[in-house]
2 protein chains.
Amino acid sequence: MNLSKTSEYALRIMSYMAMDDKKLHRANDIFESLQIPFRYLRKQMTNLTKSGIIISVQGKNGGYRISRSIGEISLLDIIHATGDQQIMTNCFFGFENCALNRQCAMHDKWDEIRQNINQVLASTSLAELNENGPDNFISNNSIQITKNS
Amino acid sequence: MNLSKTSEYALRIMSYMAMDDKKLHRANDIFESLQIPFRYLRKQMTNLTKSGIIISVQGKNGGYRISRSIGEISLLDIIHATGDQQIMTNCFFGFENCALNRQCAMHDKWDEIRQNINQVLASTSLAELNENGPDNFISNNSIQITKNS
DNA sequence: TTAAAATAATACCTCAAGGTATCATTTATG
DNA sequence: CATAAATGATACCTTGAGGTATTATTTTAA
Ligand code: SF4
Ligand code: SF4
């Protein structure tokens, strides 16, 4: 599997924001804790805003805030918010149009794997994530990317 | 998850060849049953040859043959043969360098998912695939891509 | 020995995801 | 009001995976 990098970023961002979920987070603060190129992060923040999963406040002292209770936001919600709708291809072999007269040996196995992943992502909330080591998995070590304004 | 398209193609190719595993298959025959762009398929055939998972015979009446018993070739072997060494990123968030003072809530869940997938891929052989609907999952419907020599 | 039928090698093209740069807009505050 | 500090919009650049095109090589068989 590969989540798109964009989804990985979104997951980092939301997890970070969940650590102080009522706060208005500035893009700059988020940048300093995550390892995401600054301008790309900025772009994605407005994307996430458009998706409705966060809200933005413009102007001086502006920033972003999680729009719902972190107990109600699943990791799958976050992935979907980025536009990645389907995380794994339906057919293991990548066929768009399988005849499916009778299923091949991989069909059910693959289906099971996909369901398993979906179940984990759908049942894990930001709140749960937040209870467990957010100060760790958010690599709040020193910044590794230079910002360049 | 996404296997690379190249890996999906390799899985199709090997599955197809496994249907007649002692035969010398011409690239052209393979092309007509799978939905893979012809020239790209040709390129990949020589790649697979270099990897050793198939052997090639040049010249007129040449072609490709599976190099080992299909009972000994796992789907994971095929994926590895394409150069895709790691099918899922280790860290769910895509961090290269997680501090890991204490693991975050996703670490074990993600690990389990990865192991599960690996286990399925490593334990499913071409032979098993071949017992179950190869005439179906190999979309041997009419060709959908034009070959252009 | 020559032509045809196959694979091999090499170089190039294309496109979307990821990333950057610039300017515009909004808002707080002195 | 003017400035600064924040986000928004827009356009562009870069890179690698996927895909094409061309030429070279190997082998069979008429
Ligand atoms: S039966 Fe096999 S080939 Fe067909 S869609 Fe399912 S996994 Fe793909
Ligand atoms: S603990 Fe969490 S953030 Fe760290 S490597 Fe594991 S999954 Fe990634």
Side-chain angles (χ1 to χ4, degrees), chain A residues 2-13 17 23-32 34-52 54-65 67 79 82-85 87 89 94 96 144-149, chain B residues 2-13 17 23-32 34-52 54-65 67 79 82-85 87 89 94 96 144-149:
Chain A
N2 274 334
L3 296 174
S4 65
K5 230 166 189 14
T6 301
S7 279
E8 287 178 350
Y9 289 164
L11 289 160
R12 295 186 198 178
I13 292 166
M17 291 177 72
K23 179 180 171 186
L24 206 60
H25 297 272
R26 295 179 307 136
N28 194 52
D29 293 338
I30 301 175
F31 166 74
E32 285 179 354
L34 279 20
Q35 295 168 38
I36 305 176
F38 182 67
R39 292 167 189 280
Y40 197 60
L41 174 123
R42 288 281 315 286
K43 184 195 275 186
Q44 183 153 2
M45 293 309 290
T46 73
N47 286 342
L48 290 174
T49 300
K50 283 177 184 161
S51 85
I54 58 177
I55 61 99
S56 75
V57 175
Q58 294 193 49
K60 191 165 180 178
N61 300 336
Y64 304 91
R65 183 185 296 116
S67 63
I79 291 167
T82 67
D84 280 5
Q85 288 311 330
I87 177 169
T89 164
E96 295 292 341
Q144 311 218 342
I145 314 178
T146 42
K147 189 175 139 188
N148 189 17
S149 146
Chain B
N2 275 334
L3 295 174
S4 65
K5 228 163 191 19
T6 301
S7 279
E8 287 178 350
Y9 289 165
L11 289 161
R12 296 186 198 178
I13 292 166
M17 292 177 72
K23 179 180 172 188
L24 207 59
H25 297 272
R26 295 178 308 136
N28 195 52
D29 293 338
I30 301 176
F31 166 73
E32 285 178 355
L34 278 22
Q35 294 168 36
I36 305 176
F38 182 66
R39 293 167 187 281
Y40 197 61
L41 174 124
R42 288 286 317 286
K43 184 193 276 187
Q44 183 152 3
M45 294 309 289
T46 73
N47 286 342
L48 290 174
T49 300
K50 283 177 185 162
S51 85
I54 59 178
I55 61 98
S56 75
V57 176
Q58 293 192 50
K60 193 167 177 177
N61 301 337
Y64 303 91
R65 184 185 294 116
S67 63
I79 291 167
T82 68
D84 279 5
Q85 289 312 330
I87 177 171
T89 165
E96 296 291 341
Q144 311 218 343
I145 314 180
T146 42
K147 188 176 139 187
N148 187 19
S149 148

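Just the heavy atoms: all of them, side chains too, but no hydrogens, waters or symmetry mates, feed the values below. Letters A, B, ... are given to chains in the order of the sequence lines, protein chains preceding strands, and every chain is numbered from 1.
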Checklist entry - For C/dG19, does OP1 or OP2 lie under 4.0 Å from any side-chain N or O of A/Y9? => result yes

Checklist entry - In whole Å, what is the span from the CD1 atom of B/I36 to the C1' atom of D/dT20? => result 16 Å

Checklist entry - Just how far, in rounded Å, is C1' of D/dG8 from CG of A/L48? => result 14 Å

Checklist entry - Phosphate oxygens OP1/OP2 of C/dT7: is one of them under 4.0 Å from a side-chain N or O of B/S56? => result no

Item to check | B/I30 CD1 - C/dT7 P separation (whole Å) | outcome: 8 Å

Checklist entry - Counting just side-chain N and O atoms, does B/Y40 come under 4.0 Å of either OP1 or OP2 of D/dA21? => result no

Checklist entry - B/N61 has a side chain; which of D/dA29, D/dA6, D/dT20 sits nearest to it? => result D/dA29

Next on the checklist: Quick check: on DNA chain D, is the nucleotide nearest A/K50 upstream (toward 5') of the one nearest A/G62, or the reverse? Name the residue that is more 5'.
Outcome noted: A/G62

Checklist outcome for this item: When rounded to the nearest 0.5 Å, the distance separating OH of A/Y64 from NZ of A/K23 is 14.5 Å

Checklist entry - Nearest to the side chain of B/K60, which nucleotide is it out of D/dT27, D/dG18, D/dG19? => result D/dT27

Checklist entry - Looking only at side-chain N and O atoms, does A/R39 come under 4.0 Å of OP1 or OP2 in C/dA21? => result yes

Next on the checklist: Using the side chain to side chain contact (heavy atoms under 4.5 Å, CB included) definition, which of the options B/L41, B/T82, B/I36, B/L34 pairs with B/Y9?
Outcome noted: B/I36

Checklist entry - What nucleotide among D/dT20, C/dT7, D/dT28 has an atom nearest to a side-chain atom of B/A27? => result C/dT7

Checklist entry - Rounding to a whole Å, what distance do you find between A/L41:CG and C/dG18:P? => result 14 Å

Checklist entry - Is a donor-acceptor contact shorter than 3.5 angstrom present between the side chain of B/R42 and the base of C/dA8? => result yes

Next on the checklist: Under 4.0 Å from OP1 or OP2 of C/dT7: is there any side-chain N or O of B/T46 that close?
Outcome noted: no

Checklist entry - Whole Å only: how far is the CZ atom of B/F38 from the P atom of D/dT22? => result 15 Å

Item to check | CD-CG distance between A/E8 and A/L3, expressed to the nearest 0.5 angstrom | outcome: 5.5 Å

Item to check | Rounded interatomic separation in angstrom, taking CG from A/N47 and C1' from C/dG18 | outcome: 12 Å

Checklist entry - Where the side chain of A/Q58 is defined as all heavy atoms beyond and including C-beta, which of C/dG18, D/dA9, C/dT26 is the nearest nucleotide? => result C/dT26

Checklist entry - Just how far, in rounded Å, is C1' of C/dG18 from CD of A/Q35? => result 17 Å

Checklist entry - What distance do A/T6 atom OG1 and A/N47 atom CG have between them, rounded to the nearest 0.5 Å? => result 8.5 Å

Next on the checklist: Could you tell me if the side chain of A/I30 sits less than 4.5 Å from the side chain of A/M45, heavy atoms only?
Outcome noted: yes

Checklist entry - Hey, is the side chain of A/K43 pairing donor to acceptor with the base of C/dT20 inside 3.5 Å? => result yes

Next on the checklist: Without decimals, in angstroms, what is the distance between B/K5 NZ and D/dA17 C1'?
Outcome noted: 11 Å

